[in-house]
Amino acid sequence: MKEVSSSYQALEIEDSVQQYWKEENTYEKVKELHRDGDDFFFVDGPPYTTGHIHLGTAWNKIIKDCLLRYHRLCGKNVIARAGYDMHGLPIEVRVEQMLGFSSKKDIERFGIGPFIERCRTFAATNKDIMSEQFKRLGVWLDFDDPYQTMHPGYIEAAWWTLKRADEEGMLERGFRVVNWCPRCATAIADAEVEYWDERDPSIFVKFPVEGVDGEYLVIWTTTPWTLPANVAVAVHPDFLYARVEAVRDGKKEVLWIAEDLVESVLRKGRYQDFSITGKRSGKEMCGMTFHSPLREQVPLQKEISHRVVTADFVTMENTGMVHIAPGHGWDDYLLGCRENLPIICPVDIQGHFTGEAGMLSSLFVKDADPVVLQELGHHLLASDQVVHRYGHCWRCKTPIIYRATSQWFLKASLLKERMLEEVKKVTWYPEWAGSARFYDWIKEARDWCISRQRYWGIPIPIWTCSSCGKHRVIGTIRELEEASGVPVQDPHRPWVDQLTIPCSCGGSMLRVEDIFDVWFDSAVASWATLGFPARADALESLWPADFITEGQDQTRGWFYSQLGASTIAFGRAPYRSVLMHGFALDAEGRKMSKSLGNVVTPEEVIKSQGVDVLRLYVLSQSAPWDDLRFNWDGVKNMHRAMNILWNVYRFPLPYMILDGFSPRSGDGTWNDEFIRGRFSSLSPEDRWIVSRVNTLALQVTGDLSECQLHRASRAIIGFILEDLSRWYVQLVRERMWLEGEAPEKTQAYETLYYTLRTLLTVASPFIPHITEAMYRNLQIPGDPESVHMLQWCTGDPVLRDENLESAMDTVRSFDEAQANARQAGKRKLRWPVRECVVVAETPNVVEAISSLNHICRDRANARVVRAVCGTWERIGWRAEPVMKALGPAFGKKAPLVKDLILNADGNAMKSALDAGETFILGQGEGCFEISPGQVTFAQQLPEGVFSAPMQGGIVYVDVALTPDLEAEGYAREIIRRFQEMRRQMDLKVEDFITADACIKDPRVCKAVEESWREGIMEEIRAVSFEVHGGECPAGTHHAVEKEWDVEGIAMTLSLSRASQQ
RNA sequence: GGGCCCGUAGCAUAGCCCGGUGGUGCGCCCGGCUGAUAACCGGGAGGUCAUGUGUUCGAAUCACAUCGGGCCCA
């Protein structure tokens, strides 16, 4: 054991602990220690390699680390490889920016090969940066060998999974409408679309009914550019539609509009007059034909026969008729398939109109909006703008469009039932994350478009024959090598694109150019991280994962993608339990974002407060599944708590070291035998803290098993602050100061040692650095070398004494109350009081106060502390009239009764009323019967007695002074001032002094001199000490002399360091 | 527009499942302690429990609606 720095130096401690872990390879040793334990397979949700972590990422890893450390301490063989998500558009976009590219053409010119290399380097560099940041947080995962989605072995896992999908008939090529990013020129998944408000045109358009001049169907749309792809109008089969003859500017038109919406539409179109001349239901409308108002401008439209169809999704809004462009909308597409409508899409991959769109050709779709409006001419019934939620590419923020293209799909919609079944089998924290949130999301599951027309990703391992059209899915690299006859140097584009496979038809198969949706990468993580399919042993023994935890945004992300892929490949969920955690928000509850300027980085918190502080803060601040509002005050407060832990730990060290204390041990390894063997005979405060720390361990164990990290960490903080620092350490301080051999002292050392060791074990998952530093200093030679190699403590019932804990609660309540009463009586704690009396409501309180009486006396600085049940004879009661009750009862005589009450014997009245009787006041004619409710009673305390309520009673403190008490009070004042002067002189605790005191007041001087000279001498370690009255005698030359005013008495205190004794 | 979560003193939170006098920490004011001391401890002030309606003898707690925030979806 060594003495330690006087305040908590987080950075220093954490640096040295991390250095130690690194040098000693502690993490590896801990893993080795539990190699034979039960397996606990954890899969790290791979962060995307952006190159920096934010508070949310830090919180995520801290939650993981805390729980995994707990499982390791419980003896589990924890398998926890870190992972990184390294492919995909975000990186492509960053690399494009670095290279100054703006489109795919730039990339093709630059060369796919070199471009891929840039992406690879970018991802790898970021991965290393992030690993360092995570390690800095004290996170113990396998960072030396993380799973990486760009590794060939990982890519194989994705290939293998796709092959499984093909075997199961779940893979399909389809011409469908997909979300499309025109900038990235690729399909994107539903999960990649971000929604926010966008201002768009809101237009009402008249579609001319075929063969009838001046008759129109009126539709509404926010995407004018989709009109060139219109093929139909949808009506609701059950709505009524009106044939309206409307007049505008003297011209008459016939319009078809849903009946209920006629007026609002006509108002928008500024029609002056109208009359309804006919009605048809949607069903009757069905089959009407019309032509496009853009038929002259868009040649494609001339070739299409347009008709009215019915659809249930039509709502009674706008015009009650929906323009249908199956090439540009999901509902439209489905309807088009059902009604056998032509699916046209005159828009290219970059969102420009093709030649089919005639005069719009080569215009970007959004830029075409005003042109379309212009060209609609009189067909434009009304034009306005609307702000509505619109989807955007989650990486480049470009508004998406819907585009019908040929893509590869996993038929997830067919798996819905199976997935729902699996979700029910998983244990969710909190329960509703699975039963409500995830369940609802899966119910909406659509087929999963897994193909992307990009570069940096896992190539889709499908080869198709150019002559016969057959396709083949490749499951492994070896299979590809065998099929192509060429060694695969890199399974990425463009290398794999060059490999051809001979087809059975004699033709040659080429790879489809697409790569996987990046969400498919991480979807296979749970088996890819186990080296599958290259090796199957780990998969067989470990899979599925015992536990995963990620943020709530991963409901639609990783929780779902994994479930989908796993259900296809293995027919079951890939995880047994899932903790869904919240988001890190700023103090106002807003998302942290660069544009709001409210971003707090983990680095800045670590730098100013330390890693353990950050960890304990995020773990205790909110329930894992609630959002975390980051608050600097809260962080600083946590630093304070850590400082108290540090103080509690360092406080006994000097004494232990001075005494050469070493805890009793068995075979060189510390164990709890000493405490265990003596538990029942320990002094009450020792037994109490032992019980408390076991209760703590029990609670923390229970909380951790339910992922209640906030409860567990709050319990630990509460224990440190309330039980250890504010109570136990206060109670045992004096025992630490005993000199020489003293059994009470040794027992205090042993108890405190036991308590700290137990506390360190249960706190180590939360605050791994400080606990390691403390443990390293406290351990004895045979002990395991790291706190993280200890065995978890679940709280031993044998070492708990609940009655004692409850009695101590009472005493603590007494302590607060007596301090309160003293404060009311303006008697400082240094001054002893004659008596404290507790008037208790229950025998338990009496029992607690008497059995722990020495603690009560000590805390209250009272000669006597006693508890009585019922009443204390020195308390009197004064009756006070309740006029509200007296008025009705006594009418005009009420004032008379009031005076009688005020002068009555309150004590007698109270005992009568308390006994349920009435009380007679006055005599003869003026005799009144007082009943309960007509009076209240106020305490009448004797002079010098002050009271305060406590749990289950009231505390009375008699602060009146006696000469004896007064002498001690002054003596304590003198001692304290000498101690302060010693400190000013920088004297060591063990140094001796010579001292003198001059007290002007002869009475006080005499009292102190007679009964306290020797006591003071001992306390201040003086070899000589004289008390003088009046002026200080000349000739005493002391190093320090100071005038003091002690409660109005002037004193001069002086002292010198004594020569060596 | 839909699903889920959240809204409690200046700030951060407990309590809500299972209704019965709203606790705690920070900050603020006052005090104590002085061998953990540029530390530590006590006391006090401070609340329309987001709003409204309902159920109930009684609602922070249950129900419904509204408003605000977050995540997800259409």
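In the text below, chain A, chain B and the rest are named by the order of the sequence lines, each starting its count at 1.
- Looking at which nucleotide of RNA chain B each of A:Val648 and A:Trp432 is closest to, the 5′-most match is held by A:Trp432.
- Distance CD1 (A:Ile720) to P (B:U24): 20 Å, rounded to an integer number of Å.
- Within 4.0 Å of A:Glu1019, counting heavy atoms only, lies at least one base atom of the nucleic acid.
- We find that CZ of A:Arg827 is positioned 12 Å from P of B:C33, with the value rounded to whole Å.
- Here the separation of B:C16 from B:C62, taken at their P atoms, is 9 Å to the nearest Å.
- Annotation: side chain of A:Tyr728 is not in contact with side chain of A:Arg692 (no heavy-atom distance under 4.5 Å).
- Taking a pair as Watson-Crick or G-U wobble with both distances under 3.5 Å, the runs of three or more consecutive pairs in RNA chain B are B:1-7 with B:67-73, B:10-13 with B:23-26, B:28-32 with B:40-44, B:50-54 with B:62-66.
- By the side chain to side chain donor-acceptor pair (under 3.5 Å) test, A:Tyr753 pairs with A:Arg757, sequence neighbours left out.
- For the C1' atom pair drawn from B:C67 and B:C11, the interatomic distance equals 22 Å after rounding to whole Å.
- With sequence neighbours left out, A:Asn60 forms a side chain to side chain contact (heavy atoms under 4.5 Å, CB included) with A:Lys64, A:Glu550, A:His581.
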Please list, pair by pair, any protein nitrogen or oxygen found under 3.5 Å from a nitrogen or oxygen in nucleotides 14-16 of chain B.
{"residue": "B:G15", "atom": "OP1", "partner": "A:Arg711", "partner atom": "NH2", "Å": "3.2"}

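- Between A:Arg735 and A:Glu685 there is a salt bridge, with a side-chain nitrogen of the basic residue lying less than 4.0 Å from a carboxylate oxygen of the acidic one.
- One interatomic measurement links the two molecules: CD1 of A:Ile974 to P of B:U34, which rounds to 14 Å at whole-angstrom precision.
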Taking only N/O atoms, report every protein-nucleotides 38-42 of chain B pair under 3.5 Å with atom names and distance.
{"residue": "B:A39", "atom": "O2'", "partner": "A:Asn647", "partner atom": "ND2", "Å": "2.6"}
{"residue": "B:C41", "atom": "OP1", "partner": "A:Arg726", "partner atom": "NE", "Å": "2.3"}
{"residue": "B:C41", "atom": "OP1", "partner": "A:Arg726", "partner atom": "NH2", "Å": "2.9"}
{"residue": "B:C41", "atom": "OP2", "partner": "A:Arg640", "partner atom": "NH2", "Å": "3.4"}
{"residue": "B:G42", "atom": "N2", "partner": "A:Gln823", "partner atom": "NE2", "Å": "3.0"}

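- B:A9 sits 15 Å from B:G46 when the P atoms are compared, rounded to a whole Å.
- Using cut-offs of 30° and 60° on the angle between ring planes, the pair A:Phe239 and A:His236 is parallel.
- Using a cutoff of 4.0 Å between basic side-chain nitrogens and carboxylate oxygens, A:Glu968 and A:Arg972 are scored as salt-bridged.
- Between the side chains of A:Glu973 and A:Trp831, a donor-acceptor pair is found at a separation under 3.5 Å.
- The aromatic rings of A:Phe651 and A:Tyr655 lie perpendicular to each other, with more than 60° between the two planes, well past the 30° mark.
- In this structure, A:Arg629 does not reach the B:G70 phosphate: none of its side-chain N or O atoms is under 4.0 Å from OP1 or OP2.
- Closest contact between the side chain of A:Gln552 and the listed nucleotides B:C72, B:A36, B:G70 involves B:G70.
- Using bins of under 30°, 30° to 60° and over 60° for the plane-to-plane angle, the ring pair A:Trp448/A:Tyr560 lands in the tilted bin.
- Between the side chains of A:Gln621 and A:Asn631, no donor N or O sits under 3.5 Å from an acceptor N or O.
- For A:Trp428 and B:C4, the CH2 to C1' distance is 13 Å, given to the nearest whole Å.
- In this structure, the side chain to side chain donor-acceptor pair (under 3.5 Å) partners of A:Thr695, at least two apart in sequence or on a different chain, are A:Arg800, A:Glu805.
- Taking the P atom of each, B:G25 and B:C6 are spaced 25 Å apart, rounded to whole Å.
- Rounded to a whole angstrom, the distance from the P atom of B:G15 to that of B:G47 is 23 Å.
- In this structure, a donor-acceptor pair under 3.5 Å is absent between the side chains of A:Tyr402 and A:Asp332.
- Here A:Glu980 lies out of heavy-atom contact (under 4.0 Å) with every strand.
- Across all strands, A:Arg822 comes closer than 4.0 Å to no nucleic acid atom at all (heavy-atom distances).
- Residue A:Tyr655 is in sugar-phosphate contact alone, with no base atom involved, counting any heavy-atom pair closer than 4.0 Å across all strands shown.
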